[in-house]
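Because the structure is a prediction, the values reported are computed rather than measured.
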Amino acid sequence: MLTTIIVIVALALLFDFINGFHDTANAIATSISTRALSPRVAVLGAAILNFVGAIFSSEVAKTVGGSVANPATIENGMHIVIAALISAIIWNLLTWYYGIPSSSSHTLIGSLAGAVIAGAGMGALNWDGFRSIVIILVLSPMVAFATGFIIMWIIRQLIVMSGNSSRTKLNRTFRSFQVISAALLSFSHGGNDAQKAMGIIVFGLVSMGYQDTLDVPLWVKLSAATAMGLGTSIGGWRIIKTMSKKLLKIEPVNGFASDLNSSIVIQVSTHLGMPLSTTHVISSSIIGTGSVMRFHDVKWATVTRMIMTWVITIPISMILAYLIYKIIFSL
């Protein structure tokens, strides 16, 4: 029993570590692209603020740990968690290798659902809870695109009203603003993303009888925060390249607007205890703000490729986790 929980915690922290370098690009791509921050400073700052954000709250962890299935009553809970984590790790590494900014949230939720079906049957899946999470995951990019468009439009109108047409001065001003917005985004990213690993650890602890509630122990918070911080410190340069160069040319003004908008959307979701995809939110914010600046300069072929990855991640993760469970624990 103790060996199993050690395996679960180790896999969850490995997932969180990979999540750190897989999703580092989300928080720092715009500030690196506009040279508001050097890559070294951006990655180090993101690592520290991801750690701080990760220990700030635990509502998202409770949602992940209890909404997809009831860990207190489910059969084969420990095996389900192991299969789900292996599936999520595999998908994250594949998309990182090919530089595709996919969602760690999508793959973890999809993997957990697939493993639950494999290990405990369709009836064990909490369809209402699973559906509510998926709805947030689907709607949040749309909201981020719309609010990003609005925020950028407002900023653009204010610039026009101010009569300041000096591009050099505007870039210098918004590069300074970007330092603040990038810091806020890194904090927000840690506050939502690291809690998913916390939630899966709590799921395992409850299913194995180590605790009775979905409350996140301090050691789990610190472990997950540390794993994400270390992963972030490595950096996800393949994905940074996609986010900062292949979507559109990012300037300081829309880089600031993108980071600010993403932070707001993520913070609201975290406050509501709902996991979302920071990858989707930030990508959609970049596209939304960029559409105001230069709609035709958005590289829609890259956007289409990203959306296709987003669409297939949950079903592929469900199938992958289902197969992994059957291969490891049913043969």
Side-chain angles (χ1 to χ4, degrees), residues 4 7-23 63-65 67-69 71 74-127 129-131 133-138 141 193 195-201 203-204 207 227-228 231 236 238-239 242 275-280 305-331:
T4 304
V7 170
I8 289 173
V9 172
L11 285 172
L13 296 182
L14 176 60
F15 169 81
D16 218 18
F17 177 82
I18 295 170
N19 192 8
F21 72 72
H22 187 278
D23 289 357
T63 299
V64 173
S67 292
V68 176
I74 198 167
E75 298 178 3
N76 306 312
M78 62 186 79
H79 295 163
I80 286 169
V81 172
I82 291 172
L85 286 169
I86 292 174
S87 170
I89 288 169
I90 290 173
W91 184 252
N92 263 359
L93 288 175
L94 281 173
T95 52
W96 165 79
Y97 180 80
Y98 288 104
I100 302 170
S102 71
S103 168
S104 297
S105 304
H106 281 210
T107 191
L108 184 61
I109 297 301
S111 295
L112 183 56
V116 166
I117 293 172
M122 295 282 286
L125 190 65
N126 179 0
W127 289 101
F130 178 64
R131 190 183 304 113
I133 292 175
V134 172
I135 288 173
I136 293 296
L137 290 173
V138 171
D193 268 28
Q195 288 194 45
K196 295 153 195 170
M198 297 180 200
I200 204 75
I201 292 175
F203 186 103
S207 69
M228 173 159 278
R238 295 174 187 267
I239 297 174
T242 298
L276 50 62
S277 168
T278 54
T279 302
H280 293 196
R305 178 166 163 254
M306 288 172 56
I307 292 174
M308 287 296 295
T309 305
W310 298 349
V311 169
I312 65 175
T313 293
I314 289 180
I316 283 183
S317 297
M318 291 180 71
I319 294 170
L320 182 60
Y322 184 94
L323 294 175
I324 288 172
Y325 184 95
K326 292 299 183 182
I327 290 170
I328 296 178
F329 300 113
S330 297
L331 293 181

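Counting heavy atoms from C-beta on, the side chains of T4 and V7 never come closer than 4.5 Å. Between V64 and Q195, every side-chain heavy-atom pair lies at or beyond the 4.5 Å cut-off. Between T107 and T95, every side-chain heavy-atom pair lies at or beyond the 4.5 Å cut-off.
Here the closest heavy-atom approach between residue V116 and residue A69 is recorded as CG2-CB, 4.0 Å. Across every non-hydrogen atom of S277 and L137, the tightest pair is N-CD2, 3.6 Å. Nearest heavy-atom pair, A118 versus Y322, reported as atom, atom and distance to 0.1 Å: CB-CD1, 3.4 Å. Listed here is the closest heavy atom pair of M318 and F130: SD-CZ, 4.1 Å. Shortest non-hydrogen contact noted between A12 and I200 is CB-CG2, 3.8 Å.
Atom CG of L14 is separated from atom CG of N19 by 11.0 Å, given to the nearest 0.5 angstrom. Within the model, atoms CD1 of I324 and CD1 of I319 stand 12.0 Å from one another, a figure rounded to the nearest 0.5 Å. In this structure, I117 CD1 and L112 CG are separated by 10.0 Å, a value rounded to the nearest 0.5 Å. Here the straight-line distance linking atom CG of D193 with atom OG1 of T278 works out to 3.5 Å at 0.5 Å rounding. Between the CD1 atom in I74 and the OG atom in S207 there is a gap of 8.0 Å [rounded to 0.5 Å].
Note on ring orientation: taking the six-membered ring where Trp is involved, the planes of H280 and H106 are perpendicular (angle over 60°, cut-offs 30° and 60°).
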For residues 80-91, run the donor-acceptor check on the side chains, cut-off 3.5 Å, and write out each pair with its distance to 0.1 Å, sequence neighbours left out.
from, atom 1, to, atom 2, distance (Å)
S87, OG, S111, OG, 2.8
S87, OG, S317, O, 3.3
S87, OG, A321, N, 3.4
W91, NE1, T313, OG1, 3.3

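For V311, the side-chain contact (heavy atoms from CB on, under 4.5 Å) partners are I307, not counting sequence neighbours.
Checking side-chain atoms of K196 against main-chain N and O of D16 turns up no donor-acceptor pair under 3.5 Å.
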For Y325 and N76, run side chain to side chain contact (heavy atoms under 4.5 Å, CB included): C-alpha distance rounded to whole Å, both residues' side-chain angles, the deciding distance at 0.1 Å, then the answer. CA-CA 10 Å; Y325 184 95; N76 306 312; 3.3 Å; yes
